[in-house]
Amino acid sequence: MTPEKQLELLTSDAVNMVLREELLEKLKRGRPLRVKYGADPSAPDLHLGHSVPLRRLRKFQELGHRIVFIIGDFTGRIGDPSGRSKTRPMLSEEQIRANAKTYAEQVGKILDVSQCEIAYNSEWFGKMDAADLLRLTSHYTVARMLERDDFAKRLAEESPIAVLELLYPLVQGYDSVAVRADVEVGGTDQLFNLLVGRDIMRAYGLEPQVVLTWPLLVGIDGTEKMSKSLGNYVGIAESPGEMFGKLMSIPDDLLPQYLQLLLEWPAEKVREALEAVEAGQVNPRDLKDEMAREIVATYHGEDAAQEASEEFRRVFSQRELPSEMPDVEVAAEDLTNGAIWIIKLVRAAGFAPSNSEARRLVQQGGVRINDEPIKDDTASVVVKTGDVLKVGRRRFGRIVIKE
RNA sequence: GGAGGGGUGCCCGAGUGGUCAAUGGGAGCGGACUGUAAAUCCGUCGGCGUAUGCCUACGCAGGUUCAAAUCCUGCCCCCUCCA
């Protein structure tokens with residue numbers, strides 16, 4: 001494949017490319033490129049947002065380039081300084097190893113991990129002494145550091161910035177020196193860090209890495225970027241049903257972005273699909289269904305995707321019972337004349353964190369037994385094994401009386 | 001080191017002695033509607049076995065008062081400016 005063709009394939013949908021000519025030049029040399037991708041060693045829960053750059057990494061891989069994963073265990077052990085999140089507990093060596101392993105497993109759903117190089121940045125930072133660190137910090141200025149978007153913002157809104165945080169871009173940049181990266185990829189929020197990497201590499205006499213960033217996927221709430229802490233994510237490791245349901249729950253106007261970034265569809269196809277919806281020829285529900293099926297299929301296979309789609313239709317369109325539901329165990333001794341207080345039943349199922357919450361659910365008509373709404377929160381209901389408890393639209397449980 | 005500002009429920013943010021479990025917004029949750037777990041509308045949103053009731057809560061610890069998120073004292077933390 002010609003370098004020009006590779007370039008096109010590798011950088012489609014990229015928001016930033018610094019610099020195009022440099023990448024082309026590197027590709028023309030014909031040797032495999034070292035492509036760096038940084039990973040947080042905290043409990044990994046990769047989601048579709050991560051999959052955007054990861055899917056591009058796969059393309060690099062398919063073209064014979066080398067992916068280098070950096071596990072930030074050095075930085076992770078210090079604790080995460082990034083903004084609002086409280087100080088995280090320091091991670092132990094075992095935790096980091098375990099997290100890295102889980103991480104690799106999840107990444108493995110997208111990439112061929114056996115072909116990747118995995119490096120822990122404690123390998124080099126552990127050996128660095130204070131003088132080395134000072135040398136590193138001398139290569140950058142405070143003014144330039146504060147240009148960074150989120151620092152500038154926090155400065156403006158009078159939020160604290162720890163000195164440690166100023167060091168982060170430098171540390172991350174030094175990783176590029178250590179692994180001699182040709183390219184580093186990430187979300188657009190990483191642009192600054194990645195660019196610092198270029199400067200640091202230059203300062204250490206290396207050819208600067210090429211920087212590529214892709215858009216941050218908007219979460220299923222339709223407003224914030226997808227992130228674990230905001231709870232608006234679709235995890236790569238989630239069950240087909242969860243994945244499918246969450247994808248169906250995205251606001252309709254998020255479709256364009258999802259189609260473009262998460263599917264292999266050519267731009268033309270995306271455009272046509274959206275036009276069909278726009279023209280009223282296709283129900284957005286159906287396009288979403290198609291998208292969700294395709295995404296689920298990439299992580300769980302065609303069959304699982306098809307099944308998830310049918311299940312969704314069954315439960316939400318036709319209001320039927322799901323094919324499988326968890327058991328709700330009720331101890332026989334908790335029954336009085338075969339009946340149990342409705343609140344207690346909802347709690348037993350784990351469908352409410354407190355009695356008050358359970359009470360609310362009942363009062364609002366969200367609790368049903370065998371499709372029969374129970375609206376009196378003082379009621380006791382007669383239950384037997386096999387009865388179905390439904391709370392809200394999507395929580396189901398099959399009651400099992402335990403002697 | 002000096003001067004000033006600030007810490008409120010999951011988040012943002014009102015409230016400056018009682019009428020405050022605490023306005024409002026967001027998120028979440030429930031209902032209606034729907035070929036969507038979409039949009040929209042309505043409701044709800046500390047806890048307690050069923051309560052015109054009780055408990056806990058407005059950075060922490062004390063105090064004043066019949067009564068405090070609101071006043072006083074000490075402490076902790078954050079921010080701004082000056083040095």
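Here is how names work: the chains are called A, B, and so on, in the same order as the sequence lines, proteins then strands, and each is numbered from 1. Here the structure is a predicted model, which is why all the values come from computation and not from measurement.
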Margin query: In whole Å, I'd like the distance from the CG atom of A/D221 to the C1' atom of B/C11.
Written below: 13 Å
Margin query: Under a plain distance cut-off of 3.5 Å, with no hydrogens placed, do A/H65 and A/Q6 share a side-chain donor-acceptor pair?
Written below: yes
Margin query: Base, sugar-phosphate or nothing for A/F244? Non-hydrogen atoms, less than 4.0 Å.
Written below: nothing
Next item on the list: Determine the sole option in A/F69, A/Y103, A/W214 for which the ring pair (Phe, Tyr, Trp, His ring centres under 6.0 Å) test with A/Y37 is passed.
Entry: A/F69
Margin query: Using OP1 and OP2 only, check whether a side-chain N or O of A/S354 sits under 4.0 Å from B/C48.
Written below: yes
Checklist line | Exam field: side chain A/R313 to backbone A/Q318, donor-acceptor pair closer than 3.5 Å | finding: no
Note to self: Measuring only the P atom in each nucleotide, how far is B/G6 from B/A39? A whole number of Å is fine.
What the structure shows: 39 Å
Next item on the list: Using Watson-Crick or G-U wobble geometry with both distances below 3.5 Å, tell me the partner of B/A38, or none.
Entry: none
Margin query: In whole Å, measure the gap between the P atoms of B/G62 and B/A27 for me.
Written below: 39 Å
Notebook entry, point to check: OH of A/Y258 versus P of B/U36: gap in Å, rounded?
Noted result: 20 Å
Margin query: I need the CZ-P distance between A/F312 and B/G35, as an integer number of Å.
Written below: 13 Å
Note to self: Quick check against the 3.5 Å criterion: does A/K288 have a side-chain atom that pairs as donor or acceptor with the backbone of A/I250?
What the structure shows: yes
Next item on the list: Would you please confirm or rule out a distance under 4.0 Å between OP1 or OP2 of B/U36 and any side-chain N or O of A/S317?
Entry: yes
Next item on the list: For A/I250, report the nucleic acid contact type (base, sugar-phosphate, nothing); a contact means any heavy atom under 4.0 Å.
Entry: sugar-phosphate
Note to self: Checking contacts here: which listed nucleotide (B/C48, B/C29, B/G35) is nearest the side-chain heavy atoms of A/L361?
What the structure shows: B/C29
Margin query: What contact category does A/D286 fall into here, base, sugar-phosphate, or nothing, at under 4.0 angstrom with non-hydrogen atoms?
Written below: base
Next item on the list: Sticking with atom P, work out how far B/C66 lies from B/A83, rounded to a whole angstrom.
Entry: 50 Å
Note to self: Output the rounded distance in Å from CD (A/E357) to C1' (B/C10).
What the structure shows: 13 Å
Next item on the list: Round to the nearest Å and state the distance from A/I374 atom CD1 to B/G30 atom C1'.
Entry: 16 Å
Margin query: Using modelled atom types and a 3.5 Å cut-off, is there a donor and acceptor pairing between side-chain atoms of A/H139 and backbone atoms of A/L136?
Written below: no
Margin query: At less than 3.5 Å, do the side-chain atoms of A/Q364 and the base atoms of B/G31 form a donor-acceptor pair?
Written below: no
Notebook entry, point to check: Tell me: NZ of A/K375 to C1' of B/U50, nearest whole Å?
Noted result: 19 Å
Next item on the list: Compare the minimum distances between each of B/C48, B/G49, B/U50 and the side chain of A/S356, then state the nucleotide with the smallest one.
Entry: B/C48
Checklist line | B/C81 - base-pair partner by Watson-Crick or wobble geometry, distances under 3.5 Å | finding: B/G2
Check: Of the nucleotides B/G47, B/G49, B/U36, which has the atom closest to the A/R285 side chain?
Finding: B/U36
Margin query: Side chain of A/R359 only, heavy atoms from C-beta on: which candidate in B/U50, B/C29, B/C33 is closest?
Written below: B/U50
Note to self: Just to be sure I understand the rule, does A/G219 reach a base, reach only the sugar-phosphate, or reach nothing, if contact means heavy atoms closer than 4.0 Å?
What the structure shows: nothing
Check: Closest to the A/R360 side chain: B/U36, B/U50, B/G47?
Finding: B/G47
Check: When the C1' atoms of B/C41 and B/C33 are considered, how many whole Å apart are they?
Finding: 9 Å
Checklist line | Nucleotide forming a Watson-Crick or wobble pair with B/A51, both distances under 3.5 Å | finding: none
Checklist line | Sidechain-backbone polar pair: A/Y258 side chain, A/V218 backbone, donor-acceptor under 3.5 Å | finding: yes
Next item on the list: Kindly point out which of B/C29, B/C48, B/U36 is positioned nearest to the side chain of A/F316?
Entry: B/U36
Next item on the list: Remember a base hit wins even if backbone is also touched, and classify A/G365 as base, sugar-phosphate or nothing at under 4.0 Å, heavy atoms.
Entry: sugar-phosphate
Next item on the list: Check every strand shown and say whether A/P284 touches a base, only sugar-phosphate, or nothing at a heavy-atom separation below 4.0 Å.
Entry: base
Check: Using atom C1' of each nucleotide, how far apart are B/A21 and B/C45 to the nearest Å?
Finding: 12 Å
Next item on the list: Go through A/L212 and A/R56 one step at a time and tell me if the side-chain contact (heavy atoms from CB on, under 4.5 Å) criterion holds.
Entry: CA-CA 10 Å; A/L212 292 173; A/R56 316 299 154 163; over 6 Å; no
Next item on the list: Scan every strand shown for a Watson-Crick or G-U wobble partner of B/C29, both distances under 3.5 Å, and answer none if you come up empty.
Entry: B/G43
Next item on the list: Could you tell me which nucleotide pairs with B/U70 by Watson-Crick or G-U wobble geometry, both distances under 3.5 Å, or answer none if nothing does?
Entry: none
Margin query: So if I take every side-chain heavy atom of A/R393 and compare against B/C45, B/G35, B/G31, which nucleotide ends up nearest?
Written below: B/G31
Item checked: Nearest-angstrom distance from the residue atom CE of A/M248 to P of B/A39 -> 13 Å
Check: Take atom CD in A/E294; do more than 12 heavy atoms of anything else shown fall under 6.0 Å from it?
Finding: yes
Next item on the list: Look at the side chain of A/D377 and decide which nucleotide, out of B/U50, B/U36, B/C48, has an atom nearest to it.
Entry: B/U50
Note to self: On the nucleotide B/G30, are OP1 or OP2 found under 4.0 Å from the side-chain N or O atoms that A/R395 carries?
What the structure shows: yes
Note to self: Can you tell me the base-pairing partner of B/G24? Count Watson-Crick or G-U wobble geometry only, both distances below 3.5 Å, and say none if there is no partner.
What the structure shows: B/C12
Checklist line | Interatomic distance where CD belongs to A/E224 and P belongs to B/G26 [whole Å] | finding: 13 Å
Next item on the list: Pick the P atom in B/U23 and in B/C10, then give their distance to the nearest Å.
Entry: 14 Å
Notebook entry, point to check: Which of these nucleotides, B/G49, B/U36, B/G35, is closest to any side-chain atom of A/K288?
Noted result: B/U36
Margin query: If we ignore hydrogens and angles and just use 3.5 Å, is the side chain of A/T213 paired with the main-chain N or O of A/N16 as donor and acceptor?
Written below: yes
Next item on the list: Check every strand shown and say whether A/N283 touches a base, only sugar-phosphate, or nothing at a heavy-atom separation below 4.0 Å.
Entry: base
Check: For A/G392 and A/T378, take the nucleotide of RNA chain B holding the closest heavy atom to each; which residue's nucleotide lies nearer the 5' end?
Finding: A/G392
Margin query: Rounding to an integer number of angstrom, what distance separates B/A68 and B/G18 when you compare their C1' atoms?
Written below: 9 Å
Checklist line | Which residue lies more 5' along RNA chain B, comparing A/N355 with A/R313 via nearest heavy atoms | finding: A/R313
Check: Of the nucleotides B/U36, B/C29, B/U50, which one has an atom closest to the side chain of A/D252?
Finding: B/U36
Margin query: Rounding to an integer number of angstrom, what distance separates B/A61 and B/G7 when you compare their C1' atoms?
Written below: 16 Å
Next item on the list: Tell which nucleotide pairs with B/A57, taking only Watson-Crick or G-U wobble pairs whose two distances are both under 3.5 angstrom.
Entry: none
